[in-house]
Amino acid sequence: MTFTTLEGPIRVRFAPSPTGELHAGGLRTALFNYLLKRSLGGQLILRLEDTDLEREIPGAAERIMDDLTWSGISFEEGASEGGPYAPYSQSERTGLYQEAVAELIERGGAYRCWCTPQRLDEIRNRARREGAPPRYDGHCRRLTPDEREQLIKQSRPSVVRLASPETDTIVIKDIIKERISFRSRHLDDPILQRSDGRPTAILAGAVDDHLMQVTYVIRGEEWLPSTPYQELIYRFLNWKPPHWAHLPLLLNEQRGKLAKRDPGGTIAELRRDGFLPEALNRYLVSLGRGNLPPEQGWDIESLTDNFTLTDYRAGDAIYSLTALRSENARLLRQLPETKLVARSRPFLAEILPETSSWEEARLVASLSVVQGESVHLRDMVERLAGLLHPPEAAAHLRREFPTADRLLQAIMEELHDQPVTWEADAIKTAINRTGKALGLSGRNLFAPIRLAITGTDHGPELPRIAELIGRSEFLRRIEAAAAGWKAEENL
RNA sequence: GGCGCGUUCGUUCAGCGGUUAGGACGCCGGCCUCUCACGCCGGUAACAGGGGUUCGAGUCCCCUACGCGCUACCA
């Protein structure tokens with residue numbers, strides 16, 4: 001196809017509607033715009049598509065911005081940073097759209113329509129019944145100038161529709177889909193301006209992309225059916241259309257449209273769980289183009305290194321929380337100590353408030369015990385909490401280890417007054433020494449101790465846990481377990 | 001129903017007329033190991049179906065099926 005090389009500088013935009021939480025698909029679109037801008041140079045605009053007041057949710061715009069910031073995406077121009085093409089909220093640009101509509105009508109690219117919602121309903125129902133295409137029947141398009149004059153004089157409410165051509169085929173060149181053609185006889189005459197004067201998304205998007213000098217429109221595939229109409233608007237107004245790139249949709253694991261209710265659907269949920277933005281970004285970028293080379297960096301800037309829109313396939317991609325978790329766990333394992341602590345702070349405050357008084361070094365040492373087996377920050381802190389505040393030891397498992405009593409007694413003696421440095425390696429040596437004296441090794445040696453101090457039979461290396469909780473707590477738990485077993489025996 | 005887009009292992013991508021159809025994640029097995037995880041080694045598994053074109057088709061064309069999107073005075 002023709003898009004073998006994309007050239008900058010470019011102007012791109014992310015245009016969310018403030019109607020709810022940012023979801024994974026939205027973030028992916030924003031990310032692609034950001035990455036293309038970074039790799040070719042230019043500006044990224046944040047434009048608020050808030051022309052539909054009824055569906056607007058207060059605070060949604062702020063939360064979307066906050067999620068974008070969290071993921072590392074920043075804008076040159078936008079609703080909150082301003083810029084040369086302000087305002088960047090469509091609700092404040094109504095006049096601009098009305099000017100475009102006037103021009104469009106004058107050039108024959110649009111016409112007023114006085115049909116009532118009831119009549120429109122009837123047309124739709126009839127079309128559905130008869131299996132005909134559900135399109136506007138063009139009634140008002142065929143009005144004579146006199147009839148029009150009359151209706152205008154009566155000041156009856158009217159909308160403005162695009163006058164789609166009757167013949168001809170609209171061909172869209174798309175960077176990802178390549179070539180898409182729409183036969184004009186199948187096109188509708190969509191509403192561009194509502195009866196209250198506000199624009200619809202088709203119009204507002206086209207006008208803004210032109211006025212804001214946007215060169216590449218990168219958006220979700222759900223917009224594909226609107227593209228021929230926007231292309232038509234550009235043609236009627238003699239504007240140069242932008243390059244189009246329609247991103248395949250993200251599907252959930254059941255192959256349905258990814259919804260906010262799906263696992264990991266919203267960015268807010270991912271943040272609550274302690275996913276790392278770098279892992280999320282990397283996963284989102286890899287969907288549709290395969291794995292990134294292992295040497296590729298994690299931060300958002302290095303994601304621009306090999307970023308090309310033409311690498312992406314045209315098919316839908318399945319967003320799998322399992323895959324994201326594995327990517328996140330991989331990054332978590334590589335996370336440097338200082339970042340580890342910084343990123344964990346909110347979760348420590350929530351789950352282990354007592355750590356607020358801990359020294360940085362102690363936090364690093366503690367988190368690193370569970371770092372390797374955790375999938376995200378919340379999971380990691382919960383695992384740490386599990387070691388610090390274990391459930392009751394599983395007393396019944398004593399039956400599995402007839403030597404447990406003797407072993408725990410010996411361990412208490414060995415580690416009680418012995419001059420054993422309370423450090424993992426020394427503890428390990430001491431445990432092995434005890435085992436040797438009793439003729440125990442391997443599972444028979446470690447499992448009863450592990451059960452006594454953690455209540456479970458798996459987890460990080462035992463000596464590391466011992467070091468983490470400290471000598472007195474370690475001995476206390478051993479003693480408690482031994483006592484618990486004894487009590488059970490006396491029943 | 002109409003229009004548009006899509007369809008290679010379970011998932012995610014390679015493949016761009018001739019390959020034992022490859023990698024990664026998952027899964028299974030082994031090694032390591034006190035356990036789990038990590039790491040390393042090995043294995044499992046796919047061209048939706050049917051017609052063409054061609055000496056030869058996962059690769060090009062057509063049809064069917066399936067999936068998804070749009071079909072609002074939503075975005």
Side-chain angles (χ1 to χ4, degrees), chain A residues 15-19 49-52 54-55 90 113 115-117 120-121 124 127-135 157-161 172 174 176-177 180-183 185-188 190-202 204-205 219-228 246 248-251 253 255-258 283 286-294 311-320 322-323 325-327 329-330 333 370-375 383 428 431-432 435 440-451 454 456-463:
Chain A
S17 293
T19 51
E49 307 229 320
D50 55 352
T51 57
D52 185 26
E54 292 81 8
R55 296 205 317 162
Q90 292 187 331
C113 171
C115 292
T116 61
L120 263 19
D121 252 4
R124 245 192 310 274
R128 200 170 292 258
R129 261 200 320 275
E130 294 169 1
R135 293 190 296 155
S158 67
V159 300
V160 177
R161 289 181 182 273
I172 306 294
D174 187 280
I176 293 174
K177 305 278 182 187
I180 310 148
S181 53
F182 298 86
R183 269 185 280 276
R185 41 182 262 262
H186 293 138
L187 293 180
D188 200 358
I191 292 173
L192 301 180
Q193 189 178 82
R194 302 181 245 219
S195 55
D196 63 2
R198 283 150 57 212
T200 59
I202 290 177
R219 68 208 328 187
E221 190 180 309
E222 71 270 24
W223 287 97
L224 209 46
S226 300
T227 310
H246 289 92
L249 262 16
L250 259 26
L251 267 31
E253 299 191 60
R255 298 197 157 269
K257 185 186 184 182
L258 184 68
Y283 176 59
S286 74
L287 274 179
R289 60 112 75 160
N291 296 333
L292 270 23
D311 280 349
Y312 287 85
R313 9 175 286 130
D316 293 333
I318 293 178
Y319 173 85
S320 152
T322 308
R325 287 165 61 94
S326 121
E327 190 75 346
R330 201 161 69 84
R333 265 178 252 124
V370 285
Q371 178 180 13
E373 57 180 15
S374 306
V375 334
R383 282 170 194 268
K428 183 172 188 175
I431 291 175
N432 280 322
L440 296 171
S441 66
R443 182 167 158 76
N444 288 326
L445 171 59
F446 282 84
I449 306 173
R450 174 181 293 281
L451 277 164
T454 69
T456 97
D457 60 356
H458 63 267
E461 289 170 30
L462 188 51

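Residue numbering restarts at 1 for every chain, and letters A, B, ... go by the order of the sequence lines.
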Legend entry - Touch class at under 4.0 angstrom, heavy-atom based, for S320(A) against every strand present: nothing
Legend entry - Protein-nucleotide distance (K177(A), atom NZ; rG69(B), atom P), rounded to Å: 13 Å
Inset, instruction - Take atom P in rG1(B) and the same atom in rC47(B), then report the distance between them in whole Å. - result: 29 Å
Inset, instruction - Just compare rA75(B), rU11(B), rG4(B) and give me whichever is closest to any side-chain atom of F182(A). - result: rG4(B)
Inset, instruction - Just call it for G459(A): base, sugar-phosphate, or nothing, with non-hydrogen atoms closer than 4.0 Å on any strand. - result: base
Legend entry - Nucleotide opposite rU33(B) in a Watson-Crick or G-U pair, distances under 3.5 Å: none
Inset, instruction - Check whether the side chain of S326(A) and the base of rC25(B) form a donor-acceptor pair under 3.5 Å. - result: no
Inset, instruction - Could you tell me whether the phosphate oxygens of rG39(B), OP1 or OP2, come under 4.0 Å of any side-chain nitrogen or oxygen in R333(A)? - result: yes
Legend entry - rG58(B) versus rU7(B) - spacing of their C1' atoms, nearest Å: 12 Å
Legend entry - Whole-Å C1' distance, rU64(B) and rC25(B): 34 Å
Legend entry - Shortest side-chain distance from P117(A), nucleotide among rG1(B), rG69(B), rC73(B): rC73(B)
Inset, instruction - Between rC34(B), rG69(B), rA75(B), spot the one nearest the side chain of L249(A), thanks. - result: rG69(B)
Inset, instruction - Starting from the 5' end of RNA chain B, give me the residue, E49(A) or G288(A), whose nearest nucleotide shows up first. - result: G288(A)
Inset, instruction - Please check the phosphate of rA75(B) (OP1 and OP2 only) for any side-chain N or O of R194(A) closer than 4.0 Å. - result: yes
Legend entry - Pair assignment for rU59(B), Watson-Crick or G-U wobble, requiring both distances under 3.5 Å: none
Inset, instruction - Find the distance D316(A):CG to rC13(B):P and express it as a whole number of Å. - result: 10 Å
Inset, instruction - For P157(A), answer base if it contacts any base atom (sugar-phosphate contacts may also be present), sugar-phosphate if it contacts only those atoms, and nothing otherwise; contact means non-hydrogen atoms under 4.0 Å. - result: nothing
Inset, instruction - Choose from rC74(B), rG1(B), rG4(B) the nucleotide whose nearest atom is closest to any side-chain atom of R183(A). - result: rG4(B)
Legend entry - Separation of atom CG in D188(A) from atom C1' in rA72(B), rounded to whole Å: 11 Å
Legend entry - Whole-angstrom distance between rC9(B) and rU44(B), as gauged at atom C1': 9 Å
Legend entry - Pair L258(A)-L249(A), side chain to side chain contact (heavy atoms under 4.5 Å, CB included): steps then yes or no: CA-CA 8 Å; L258(A) 184 68; L249(A) 262 16; over 6 Å; no
Inset, instruction - Would you classify E327(A) as touching base, sugar-phosphate or nothing, given that sugar-phosphate means primed atoms plus P, OP1 and OP2, and contacts are heavy atoms under 4.0 Å? - result: nothing
Inset, instruction - Could you please spell out the steps behind the side chain to side chain contact (heavy atoms under 4.5 Å, CB included) verdict for D52(A) and R198(A)? - result: CA-CA 9 Å; D52(A) 185 26; R198(A) 283 150 57 212; 4.1 Å; yes
Inset, instruction - Answer with base, sugar-phosphate or nothing: what part of the nucleic acid does P463(A) contact at a heavy-atom distance below 4.0 Å? - result: base
Inset, instruction - Would you check, one step at a time, whether the test side chain to side chain contact (heavy atoms under 4.5 Å, CB included) holds for L445(A) with N432(A)? - result: CA-CA 8 Å; L445(A) 171 59; N432(A) 280 322; 3.8 Å; yes
Inset, instruction - Return yes if some donor-acceptor pair links the side-chain N/O of R161(A) with the main-chain N/O of P190(A) below 3.5 Å, else return no. - result: no
Inset, instruction - Check every strand shown and say whether A201(A) touches a base, only sugar-phosphate, or nothing at a heavy-atom separation below 4.0 Å. - result: base
Legend entry - I180(A) side chain, from C-beta outward: closest of rC3(B), rU35(B), rG4(B): rG4(B)
Legend entry - Pairwise P distance, rC60(B) and rG69(B) [rounded to whole Å]: 26 Å
Inset, instruction - May I ask which nucleotide in the shown strands pairs with rU12(B), Watson-Crick or G-U wobble, both distances under 3.5 Å? - result: rG23(B)
Inset, instruction - Give one of base, sugar-phosphate or nothing for S441(A), where a contact means two heavy atoms less than 4.0 Å apart. - result: nothing
Legend entry - Spacing between Q90(A) atom CD and rC74(B) atom P, to the nearest angstrom: 13 Å
Legend entry - Inter-nucleotide C1' distance (rA14(B), rA24(B)), Å rounded: 11 Å
Legend entry - rG6(B): pairing nucleotide in any strand, Watson-Crick or G-U under 3.5 angstrom: rC66(B)
Legend entry - Side-chain donor/acceptor of D316(A) to backbone N/O of P248(A), under 3.5 Å: no
Inset, instruction - Could you say whether D196(A) or A447(A) is positioned toward the 5' end of RNA chain B, judged by the nucleotide with the nearest heavy atom to each? - result: A447(A)
Legend entry - Short side-chain N/O contact to rU11(B) OP1/OP2 from T322(A), under 4.0 Å: no
Inset, instruction - Would you mind classifying the nucleic acid contact of A127(A) as base, sugar-phosphate or nothing, using non-hydrogen atoms under 4.0 angstrom? - result: nothing
Inset, instruction - Measure from the side-chain heavy atoms of L224(A) and tell me the nearest of rA72(B), rG4(B), rC74(B). - result: rG4(B)
Legend entry - Opposite nucleotide pairing with rG42(B), Watson-Crick or G-U, both atom distances under 3.5 Å: rC28(B)
Inset, instruction - Give a yes or no on this: more than 12 heavy atoms of other residues, nucleotides or ligands lie within 6.0 Å of atom CZ of R325(A). - result: no
Inset, instruction - Report which part of the nucleic acid T19(A) touches: base, sugar-phosphate, or nothing (heavy-atom distance under 4.0 Å, all strands). - result: nothing
Legend entry - Of the listed nucleotides rC70(B), rC36(B), rG67(B), the one nearest the side chain of E373(A): rC36(B)
Legend entry - Side chain of A314(A) (C-beta onward), nearest among rU35(B), rG6(B), rC68(B): rG6(B)
Inset, instruction - Mind checking R124(A) for me? I need base, sugar-phosphate or nothing, with any heavy atom below 4.0 Å counting as a touch. - result: sugar-phosphate
Inset, instruction - Provide the distance between the two P atoms, one in rG10(B) and one in rC3(B), to the nearest whole Å. - result: 32 Å
Inset, instruction - Count the heavy atoms belonging to other residues, nucleotides or ligands that lie under 6.0 Å from CZ of R128(A), then report whether that count exceeds 12. - result: no
Legend entry - P atoms of rA48(B) and rA57(B), separation to the nearest Å: 15 Å
Inset, instruction - Just call it for L462(A): base, sugar-phosphate, or nothing, with non-hydrogen atoms closer than 4.0 Å on any strand. - result: base
Inset, instruction - Quickly work out the L250(A) CG to rG67(B) C1' distance and round it to whole Å. - result: 15 Å
Inset, instruction - Name the closest nucleotide to the R55(A) side chain, picking from rC74(B), rU7(B), rC70(B). - result: rC74(B)
Legend entry - Spacing of K257(A) atom NZ relative to rG6(B) atom C1', expressed in whole Å: 16 Å
Inset, instruction - Return yes if some donor-acceptor pair links the side-chain N/O of D174(A) with the main-chain N/O of H246(A) below 3.5 Å, else return no. - result: yes
Inset, instruction - Under 4.0 Å between any heavy atoms, over every strand shown, what does R128(A) touch: base, sugar-phosphate, or nothing? Just pick one. - result: nothing
Inset, instruction - Kindly say whether W223(A) contributes a backbone atom to a donor-acceptor pair with the side chain of T227(A) at under 3.5 angstrom? - result: yes
Legend entry - Out of rC3(B), rA75(B), rG69(B), whichever nucleotide has its closest atom nearest the side chain of S226(A): rA75(B)
Legend entry - For atom CG of L445(A) and atom P of rU33(B), their distance in whole Å: 15 Å
Legend entry - Base-pairing assignment for rC73(B) (Watson-Crick or G-U wobble, both under 3.5 Å): none
Legend entry - Check: R135(A) side chain, L187(A) main-chain N or O, donor-acceptor pair, under 3.5 Å: yes
